[in-house]
Each structure stands twice: as structure tokens, then as C-alpha cells.
Amino acid sequence: MKVAVVVFPGTNCEVDTKHAYETLGQEVELVWHKEERLPQEVDLVVLPGGFSYGDYLRSAAIAKFSPIMKEVQSHAKKGGYVLGICNGFQMLLEMGLLPGAMKRNANVHFVSKYHHLKVENSTNQFLRHLTSGQIINIPIAHGEGNYFIDEAGLTSLRANNQILLTYCDAQGNPQNPNGSVANIAGICNEAKNVFGLMPHPERAIEALLGSKDGRAMLEGFVA
């Protein structure tokens, strides 16, 4: 499988993401945001975490205008897989590839820690190696992770099984670190080929890092 990891000014998780997929035996290429073409025969495009353009205006609001993003949109519309992690999730929202919007954390503080998540739906490529209802532990690190969608949109997400991950405690009880609607930590599009989440699975692929729970997520795209 060939993976393209897009790099923007301010991105700081591209090397971690590249290392994670190379650890899984995949071919990975870093793609600068000013490029106008993705690598040939790419299977998965990853928009990694970091602080594109410093997050000075609104997280990911500028990144969506980068030249490579037309190719990312085209890849998604053709059914290609796209994964957005943290700042990458915010980009997918800004581009309209995923529904909803992101606000500053409800307590306006940056949060950086391990946090438990509940797998709400594993009938998709991303979470197919996990089971619905499973509790996992993945790092979060964001100041603008307060996911919002209106009531009609939330109803649609639920009806189409687009809510993938919610925040919880170790026993699976809701525990929300940022104020997200319905405790949402990750969603997908209706076609289930575009995925976004605020937690960082690439930081949890080896026991040395404190958890291997993120490995199963990234392996979902690996044949």
C-alpha cells in the first residue's frame, strides 16, 4: 500500500505518522502542500496533526487553500481513502469533506494527555480490527477540539453510523475533555472513505509509547 502524508508549514506530526506506517511495512511519501499532484497510485492520503500555518486565524482555515488540497478532494471524491488526524480532522471539516465544525475547547485550555475512547462503530475500513463497544486509550493534544454539529446533522450522523469514536473513562462512561457534541472524538463521511479524529493513533503504536491501541486503527487500511 502507498501512503501520502501531506506536510504544511507548521505541521509537526508528519514524521511520527510516516514512522507509524513504515513500521506497518507500508511505502510512505511526504508531500509538500504546494505540490499539485499526489504520488501515482496512492491508496491512502493522511492529513497529519500539527499546527498548519500556526493556527493563527482558525485551525486549518488557511490549509484548505493549499494547492495539494484540490488533489485530496479529487482523491476522496473518487472513493480513495483519506484520514485526518487532529489538525488534519479540522482540515477535512473546513473543506466540507466531513460535516460539522470545530471550536475551541470548552474550558479554553490546551489538553495533552492519554484519554479513553469508545469504539461506536467498527463496520468501516478504519476500525475494522477493533470491535464496537471496545474501550481504547489514545493520546489527545489540542486546544480546538470541541466538535460541533447541529441537531439535524447529529441525527444524520447517527442514522448513517458515521460516529466512530466517543470520549469516555476507562469503564466506558462518558468523559468529555473538550465539550464536543455527544462526546464525539471521530467521525467518517457517508461513503465511509473519509475519516477524521482528534486523538493521535500514530502516537500509540508501540508499548514503549505507553499504548499500542492506535496500531489497530492504522492497520485497518493495510490489506
Side-chain angles (χ1 to χ4, degrees), residues 8 10-13 16-17 46-64 83-121 126-127 130 133-158 161-189 194-204 209-211 213-214 217:
F8 302 83
T11 300
N12 60 24
C13 297
D16 293 353
T17 305
V46 182
L47 304 177
F51 299 94
S52 59
Y53 295 94
D55 282 357
Y56 293 121
L57 174 63
R58 186 179 68 239
S59 296
I62 301 176
K64 67 180 179 181
L83 173 64
I85 301 170
C86 197
N87 191 236
F89 181 17
Q90 295 160 343
M91 293 177 198
L92 294 174
L93 297 173
E94 290 286 344
M95 289 194 296
L97 289 177
L98 289 175
M102 202 66 75
K103 303 187 295 182
R104 287 189 61 80
N105 294 345
N107 63 7
V108 302
H109 292 300
F110 188 92
V111 293
S112 179
K113 60 181 180 178
Y114 271 87
H115 202 291
H116 289 94
L117 307 168
K118 179 183 285 185
V119 177
E120 296 291 340
N121 193 304
F126 182 43
L127 300 179
L130 300 169
Q134 185 172 347
I135 308 301
I136 56 178
N137 199 18
I138 302 286
I140 59 173
H142 56 254
E144 197 166 314
N146 184 355
Y147 176 75
F148 175 78
I149 193 166
D150 62 20
E151 192 60 37
L154 183 60
T155 298
S156 179
L157 288 180
R158 286 171 168 156
N161 292 322
Q162 290 174 251
I163 299 175
L164 304 184
L165 299 162
T166 56
Y167 298 106
C168 67
D169 63 17
Q171 288 71 45
N173 303 305
Q175 187 177 75
N176 192 327
N178 50 34
S180 289
V181 167
N183 308 308
I184 288 174
I187 62 172
C188 65
N189 64 346
V194 179
F195 305 87
L197 76 164
M198 288 310 295
H200 287 263
E202 81 281 8
R203 298 182 185 177
L209 300 173
S211 171
D213 288 352
M217 292 182 171

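Put simply, the side chain of Met217 does not reach to within 4.5 Å of the side chain of Leu83, judged on heavy atoms. The shortest distance between side-chain heavy atoms of Asn87 and Ser59 falls below 4.5 Å. Tyr56 is not listed as a side-chain neighbour of Ile62, based on a closest heavy-atom distance of 4.5 Å or more.
Partner Arg58 forms a side chain to side chain contact (heavy atoms under 4.5 Å, CB included) with one of Glu94, Arg104, Met102 and no other, that one being Glu94.
If you check the side chains of Asn183 and Asn176, you find a donor sitting under 3.5 Å from an acceptor.
A donor-acceptor pair is defined here as one N or O able to donate and one able to accept, closer than 3.5 Å; no such pair exists between the side chain of Glu144 and the backbone of Asp55. Listed for the Ser180 side chain is a donor-acceptor partner under 3.5 Å among the backbone atoms of Gly145. A distance-only check finds no donor-acceptor pair linking the side chain of Ser52 to the backbone of Ala63 [under 3.5 Å]. At least one donor-acceptor pair closer than 3.5 Å links the side chain of Asp169 to the backbone N or O of Gly172. A donor-acceptor distance shorter than 3.5 angstrom exists from the side chain of Asn105 to the backbone of His142, with no hydrogens or angles considered.
Taking every heavy atom of both residues into account, Phe195 and Cys188 meet most closely at CD2-CB, 3.6 Å. In this structure, Cys13 and Gly50 approach most closely via the heavy-atom pair SG-N, 4.1 Å. Taking every heavy atom of both residues into account, Ile163 and Thr166 meet most closely at CG2-CG2, 4.0 Å. When every heavy atom of Leu157 is checked against every heavy atom of Ile187, the shortest pair comes out as CD1-CG2, 4.3 Å. Shown here for Gly196 and Leu98, the closest heavy-atom pair between the two residues is N-CD1, 3.7 Å. Closest non-hydrogen pair, Ala106 versus Gly179, comes out as CB-CA, 4.0 Å.
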Trace of the side chain to side chain contact (heavy atoms under 4.5 Å, CB included) decision for Tyr167 with Asn178: CA-CA 9 Å; Tyr167 298 106; Asn178 50 34; 3.2 Å; yes
Take Ile184 and Leu154, measure what side chain to side chain contact (heavy atoms under 4.5 Å, CB included) needs, and give me the verdict at the end. CA-CA 10 Å; Ile184 288 174; Leu154 183 60; 3.9 Å; yes
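Note that SG of Cys168 and CD of Gln175 are 8.0 Å apart. Values are rounded to the nearest 0.5 Å. The CD1 atom of Ile140 lies 12.0 Å from the OH atom of Tyr114; values are rounded to the nearest 0.5 Å.
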